[in-house]
Amino acid sequence: MASIQQTPQGPVLVLKESALQQKGRDAQKNNIAAAKLVAELVRTSLGPRGMDKMLVDSLGDVTITNDGATILKEIDVQHPAAKMLVEIAKATDNEVGDGTTSAVIVAGALLENAEALINQEVHPTIIVDGYRKAAQKTIQLLEKLADKVDPTDKEILGKIARTSMQTKLVRKDSSGLSDMIVKAVLAVAEKTDDGYTVDIDDIKVEKKAGGSIKDTHLTKGIILDKEVVHSGMPKKITNAKIALINSALEIDKTEFDAKINISNPEQMKSFLDEENKMIKNMVDKVIASGANVLFCQKGIDDIAQHYLAKASILTVRRIKESDLTKLAKATGARIVTNLDDLFDKDLGSAENVEEIKIETDRWVFVEGCKHPKAVTILVRGGSQRVVDEVERSVHDALMVVKDVIENPMIVAGGGAPETYAATKLREWAKSLEGREQLAVEKFADSLEVIPITLAENAGMDPIDTLALLRSKQLKGSKWTGIDVMKGIVASMHSSDIFEPLSVKNQIISSATEAACMILRIDDVIAVTKSPGGPPPGGEGMGGMGVMGGMPQMDM
Ligand code: ADP
Ligand code: MG
């Protein structure tokens, strides 16, 4: 076993006998191979002509998507290096919301090209240095290429949202949806000293299968996936005064087994009367505050419901904590724990609170809130799978609009900026000395994997298309890219394919980080957790697949 070192003093055992170790070139090759396989997996889903993946989990649940982050999350990758690519997809998703597939594909290309250099005896450290410099340079180049826009320009923001949705199942409905998305993000954007910020959590996205994608709509307020608790209560309140309570309207059951001896009917009656009185007392406090709507995070006793209904208070119970927080923000109410602390000043307001039937469910809409910085998009679509995928696309689109509002710089899509940066990088590489030059050139090649893949997925000839694209750009049209839908190389202005600069920057930096991290590894040591058990797989690590091998590895 590799873990035993022979020294003049005899064998030295550093690692546990069951540990698996893979060193040097082998470790690198294996990691690169795994990462490349992951990139290969998502490659066919890039762009508007990309294909979808059908993912089936162990319970038989089906997800249909072409969202890079979702694909990788669902397939449960096990190889440690492959896991790193899954991580960058997640990081990209969290940071900028879009560009997850691109990040993984670029990382895969960086590793594939690094492998060629390693085979020519270029040391990985040199490649890593070259890649990092090239990434920095690329970000500078794109910064110069990008156009500054007005962060509140609805037309531009709409185009950005539409480009992001072009590549998804919702493409046909992207016009209507993008207007809604721009409205939603602008509604919650807050002005700061040097621009705007958007807290995407202020936009609640709810989904309900049924109807069509066109029925998706935006509410300036909050939608609760809950019904009014008692049939005797009003179903609609205008000029609502809203109380938010995060404790139960019930009598606490004791934690001990208590025994009450009741020997005659009078005692029974007075016992029940007492309970009744305590609950009525609670409800009276709500009534006294002046509330006509009550949202409660916990349960509400039947008797309490009866009294609340008698007082015509629209009541909803068991509301999620996150929703209660949103309601507090939207309506200006204070969340109260102890009913003794509930007063008029703690109530929030909304123009309209109403229970509305959607398909078979009843939902409560809270609209016309005092603080409009809370909106809800209710996603509709033919089936659960459709609404799930629409929700993911809406998330991406909301994020790209936020990206542009916060950093109002845009570039073209369709592989235009990648091709532009690659050309400029190759020129710049000539000024570098030594082998770093080779790494920078390979970095440029790796960026071009985006136009190549877009062309491939559209059934266009990738080599001819790239050659044409490069030559048109050299003639001065920097915004020329591949119009995938028409199958031609053209100016992206004519087809309105625009993307946030932040997304492109994030793709470059996260792909470079992941590739460099993987390249710097020259030793993989897998420690099995159960001592004495046979090593996993039993055939060493040569056979570690992307989705198999080393399940016990501690990462
Ligand atoms: P990602 O997860 O990386 O966002 P997508 O499948 O959404 O992957 O594809 C994004 C790529 O598709 C971007 O490079 C974008 O410029 C490109 N793209 C989107 N719409 C078009 C279009 N109509 N024509 C050409 N390229 C497009
Ligand atoms: Mg996308």
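Atoms within each ligand, like the ligands themselves, are counted from 1 in listed order.
With respect to atom 21 (C) of ligand 1, the closest heavy atom belonging to the protein is P48 CG, 3.3 Å. At the top of the distance list for atom 23 (N) of ligand 1, counting protein heavy atoms only, stands I497 CD1, 3.2 Å. Of all protein heavy atoms, the one lying nearest to atom 13 (C) of ligand 1 is E499 OE1, 3.5 Å. Summary of contacts: the protein heavy atom closest to atom 3 (O) of ligand 1 is S102 OG, 2.6 Å. The shortest contact between atom 4 (O) of ligand 1 and any protein heavy atom is with D98 OD1, 2.7 Å. Of the protein's non-hydrogen atoms, T167 OG1, 2.7 Å is the one closest to atom 7 (O) of ligand 1.
Side chain of Q28 to main chain of L519: a donor-acceptor pair is present (N/O by atom type, distance under 3.5 Å, no hydrogens or angles). For R380 (side chain) and D215 (main-chain N/O), no donor-acceptor pair under 3.5 Å exists by modelled atom type. The backbone N or O of I160 sits nowhere less than 3.5 Å from a side-chain atom of S164 that would complete a donor-acceptor pair. Judged by distance alone, the side chain of K207 and the main-chain N or O of D388 form no donor-acceptor pair under 3.5 Å. In terms of modelled atom types and a separation under 3.5 Å, the side chain of S477 and the main chain of Q473 share no donor-acceptor contact.
Residue-to-ligand polar distances place T101 within reach of ligand 1: an N/O pair is separated by less than 3.5 Å. Checked by distance only, ligand 1 and N66 stay at 3.5 Å or farther apart across all their nitrogen or oxygen atoms. Ligand 1 has a nitrogen or oxygen under 3.5 angstrom from a nitrogen or oxygen of G99. Between E418 and ligand 1, not a single N/O pair is under 3.5 Å apart.
Listed by atom number, the atoms of ligand 1 under 4.0 Å from S45 heavy atoms are 6 (O). Atoms of ligand 1 lying under 4.0 Å from any heavy atom of G413, numbered from 1 in the order shown and given with element: 16 (O). Using a 4.0 Å cut-off to heavy atoms of I482, the atoms of ligand 1 that qualify are 24 (N), 25 (C), 26 (N). The contact set between ligand 1 and G47, taken as ligand atoms under 4.0 Å from a residue heavy atom, comprises 5 (P), 6 (O), 9 (O), 12 (O). Heavy-atom proximity to K504, at under 4.0 Å, picks out these atoms of ligand 1: 14 (O). Atoms of ligand 1 found under 4.0 Å from any heavy atom of L46, numbered from 1 in the order shown, are 3 (O), 6 (O), 8 (O), 9 (O). Ligand 1 places these atoms under 4.0 Å from at least one heavy atom of G414: 15 (C), 16 (O), 25 (C), 26 (N). Heavy-atom proximity to V484, at under 4.0 Å, picks out these atoms of ligand 1: 24 (N), 25 (C), 26 (N).
Heavy-atom minimum distance, A515 versus L111: O-CD2, 3.7 Å.
Screening K133, R132, K137 for a salt bridge (Lys or Arg N to Asp or Glu O under 4.0 Å) involving E436 leaves a single residue, K133. Between T44 and the options K53, R49, E456, a side-chain hydrogen bond (donor to acceptor under 3.5 Å, both in side chains) holds for only K53.
Counting heavy atoms from C-beta outward, I482 and L469 have side chains that approach closer than 4.5 Å. Contact annotation: the side chain of D445 approaches that of R426 to within less than 4.5 Å [non-hydrogen atoms, C-beta and beyond].
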Indicate every side-chain donor-acceptor pair of residues 55-64 with a distance under 3.5 Å to a residue at least two apart or in another chain.
unit_1 : atom_1 : unit_2 : atom_2 : d
D57    : OD1    : L59    : N      : 2.9
D57    : OD1    : G60    : N      : 3.1
D57    : OD1    : D61    : N      : 2.8

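Here the N, O or S atom of D98 that is nearest to the Mg ion (ligand 2) is OD1.
To the nearest 0.5 Å, atom NZ of residue K214 and atom NZ of residue K172 are 8.5 Å apart.
D67 lies apart from the Mg ion (ligand 2) in this respect, since none of its N, O or S atoms is found at a distance under 2.8 Å.
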